Amino acid sequence: MKYEKYLIKKGKLDLISSLKALDKKLLKEKFKEFGVDNIYELKNYILEDFEYCLEATKDDSFTRRYFEKLIDHENSEWMSAYEQDIESLMVFVYSNGNYYSYYIPTEIKEIINNLLGSMTPEEKFNLENATDAPIVKDLRSLLATLTVNDLKNIGNLLYVNRLSNKPKKELVKIIYNALTNKDKLTNLIERFIDKEFNLLKDLMSNEGTIQDNNISLEIYHFLYVAGLVFLFKRDNKFYISMTDAVYNVVKKINLKPIQKIVDENTKVYNLVRSMVELYGVFSYSYLDYYYSLYYGNNEELDVPNNALLFCERADNIDIIHTKHEMYFVHKILQHRGLEQVLDDIISRQETIKRKPIKLEELLKYSNYDYYEETESKNKFKKYLKKKNMPSDIIEDIIKIISDMYRLGNNYIGASIEILQDYGVEVKENNAQEILNYLMEIYNNSRIWVNNGWTPIEMRINFEEARK
């Protein structure tokens, strides 16, 4: 299909505006094809037809996976939309520099979310990785289904050397031997954090298999990539299962003394995650100091030797090296073009004192689902709701703006562009009101380059210091 025929200039994201942007000749062809007389009848026809078709197939796992992929690749260079999606005006194509992108009109996206529900990362991961078959307990046969890279990754986690240039058959044998080695499994378990360790104990109490559709990906992911568990799907139920070979070896390991090691691991893991979330960048050279500050009651403590290993697998953290230092960095800061923001945060680490925050308050930032609600954000949400914006779109807008302000990028022009991309009209009669909302959100945002201080807190402290 020639995308050029359907190309439009991207503007407002609602369906009527998108239809109006189509070539007039093509629009008339669509009137005739769908048996309608005007653009409003065409809109109703598209929505009713789409909702009817989706209702009939919504329980199919492949349908769910397709629409999740469609939403994930929206506005990217990945053309995940089928030709019939474009021809039926379910998505709209536009030029995005050197490639074509598509977007989904807000009404269509709302139907997808309402009928299918927004898939969690766990559901997406399960659909893509779970074997749709009866539970298999044989380790050797399951290893044979993995790719060479997957086998090498397991070997690396188990500290198996010289895996390069090995044929797959030999790799399976090597990894099998490693996963059934008591010492190697003990070493691996000693790098667990609390949630992973609790999952392992639950598995051991249930003969190696647990049925759970809601278990967090964060909890079992490390066990999965290390080859300790495999995923299975049967009759829309997901199972996490150990193989008999691994289960029988773990039974020989005394898990009680490992609990203390896991507790120490968890302390460092939570500390680093919360510091990175609040401050953006956390220096490895400060790890001993802050570990003792928060956990030692002014007594110096030794940080667990495995600290780097389990902090490295936190989903929102990257570890980067400079000439003089190693840093734990929020993944957002690895985005191209943000090097200057990273430099600013690092330099201010030395010049701005950290906020004296209690351990309980600090650790709330270690929760992946943490979101700092403020009165200023709630005011703007109410304003957008009065403009008949869908609730999910409002949440998206606030999240994007919050992340942008947290980086210290106070670009009001960029905020306005985001609002317009989501269909919020910014005109002369409402521009000042919107600017006031945006400035209030910024002034109450915890900003990384300020070491987690809000601009208002910075000003109050500065004024108090001058008294």
Side-chain angles (χ1 to χ4, degrees), residues 59-66 68-69 119-160 163 166-189 191-192 195-253 255 313:
D59 294 326
D60 179 70
S61 62
F62 291 100
T63 298
R64 291 174 62 87
R65 194 184 309 177
Y66 169 71
E68 282 296 320
K69 186 181 293 184
M119 289 182 74
T120 64
E122 289 77 17
E123 289 172 320
K124 287 198 287 187
F125 186 87
N126 287 343
L127 278 174
E128 292 169 2
N129 293 282
T131 303
D132 196 0
I135 295 172
V136 177
K137 289 284 190 174
D138 182 64
L139 176 60
R140 202 180 302 273
S141 64
L142 286 171
L143 291 176
T145 67
L146 302 180
T147 66
V148 169
N149 285 336
D150 288 337
L151 292 168
K152 287 182 178 179
N153 287 336
I154 294 174
N156 291 333
L157 291 172
L158 294 169
Y159 299 137
V160 179
L163 295 176
K166 292 282 196 305
K168 182 176 178 180
K169 190 173 182 180
E170 188 174 349
L171 279 175
V172 169
K173 182 179 179 181
I174 292 171
I175 301 306
Y176 179 91
N177 291 335
L179 282 169
T180 53
N181 182 296
K182 181 181 175 182
D183 290 338
K184 287 193 176 295
L185 282 189
T186 300
N187 180 280
L188 183 71
I189 295 169
R191 301 191 332 249
F192 281 9
K195 294 177 181 178
E196 297 164 346
F197 193 59
N198 291 336
L199 172 60
L200 178 67
K201 291 190 292 185
D202 286 345
L203 284 163
M204 296 307 296
S205 300
N206 290 277
E207 299 183 346
T209 301
I210 294 175
Q211 190 283 309
D212 195 336
N213 281 26
N214 299 311
I215 192 166
S216 168
L217 174 61
E218 177 195 351
I219 294 174
Y220 73 76
H221 188 258
F222 186 63
L223 280 73
Y224 174 82
V225 297
L228 294 186
V229 301
F230 289 83
L231 303 180
F232 299 91
K233 175 176 177 287
R234 199 69 176 165
D235 300 325
N236 288 321
K237 291 183 178 180
F238 289 97
Y239 297 84
I240 300 167
S241 184
M242 302 173 72
T243 57
D244 287 336
V246 172
Y247 177 76
N248 289 329
V249 174
V250 176
K251 278 203 301 186
K252 300 175 183 177
I253 300 173
L255 297 180
R313 65 179 193 259

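Just so it is clear, the model here is predicted, and its values are computed rather than measured. Computation of the quantities below employed the complete heavy-atom set of this structure, encompassing side-chain atoms and omitting hydrogens, waters and symmetry-equivalent molecules.
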**Report entry** Test log, rule side-chain contact (heavy atoms from CB on, under 4.5 Å), inputs L200 and F192
**Finding:** CA-CA 10 Å; L200 178 67; F192 281 9; 3.9 Å; yes

Query raised in the report: After noting the C-alpha distance and the side-chain angles of L231 and F238, does the key distance pass the side-chain contact (heavy atoms from CB on, under 4.5 Å) rule?
Result: CA-CA 7 Å; L231 303 180; F238 289 97; 5.9 Å; no

Requested in this report: Give a yes or no answer on whether the side chain of K137 reaches the backbone of M242 with a donor-acceptor pair at less than 3.5 Å.
Outcome: yes

Report task. Can you see which heavy atom on F197 is nearest to which on L255, and at what distance? Result -> CZ-O, 3.4 Å

Query raised in the report: Which atoms form the tightest heavy-atom contact between V249 and N181, and what is the distance?
Result: CG1-C, 4.3 Å

Requested in this report: Please name the pair of heavy atoms, one in V229 and one in I240, separated by the smallest distance, quoted to 0.1 Å.
Outcome: CB-CG2, 3.8 Å

Query - Backbone of K182 reached by a side-chain donor or acceptor of K252 within 3.5 Å - result: no

Query raised in the report: Mind checking what makes side chain to side chain donor-acceptor pair (under 3.5 Å) contact with K184, not counting sequence neighbours?
Result: none

Report task. May I ask you to test the Y220-L228 pair for a side-chain heavy-atom distance under 4.5 Å? Result -> no

Query raised in the report: When T243 is tested against each of L143, T180, L139 for side chain to side chain contact (heavy atoms under 4.5 Å, CB included), which residue passes?
Result: L139

Query raised in the report: Is the count of non-hydrogen atoms from other residues, nucleotides or ligands lying under 6.0 Å from E207 atom CD greater than 12?
Result: no

Query raised in the report: Above 12 or not: heavy atoms from other molecules or residues under 6.0 Å from NZ of K195?
Result: no

Requested in this report: Mark yes when over 12 heavy atoms from residues, nucleotides or ligands other than K201 sit less than 6.0 Å from its NZ; otherwise mark no.
Outcome: yes

Query raised in the report: At their closest point, which heavy atom of G227 faces which heavy atom of I154, and how far apart are they?
Result: CA-CD1, 3.9 Å

**Report entry** Nearest atoms (heavy-atom pairs only) where N156 meets V160
**Finding:** OD1-O, 4.4 Å

Please set out all donor-acceptor pairs under 3.5 angstrom arising from side-chain atoms of residues 169-179, sequence neighbours excluded.
residue	atom	partner	partner atom	Å
N177	ND2	K173	O	3.3

Query raised in the report: L203 and L199: side-chain contact (heavy atoms from CB on, under 4.5 Å), yes or no, with the steps?
Result: CA-CA 6 Å; L203 284 163; L199 172 60; 4.1 Å; yes

Report task. Please answer whether the main-chain N or O of D183 pairs with a side-chain N or O of N187 as donor and acceptor at a distance below 3.5 Å. Result -> no

Query raised in the report: Mind checking whether T209 and Y247 have side chains closer than 4.5 Å, heavy atoms only?
Result: no

Query raised in the report: Checking K168 side chain against L146 main chain: does a donor-acceptor pair fall under 3.5 Å?
Result: yes

Query - Closest non-hydrogen atom pair, A226 against L157 - result: CA-CD1, 3.8 Å

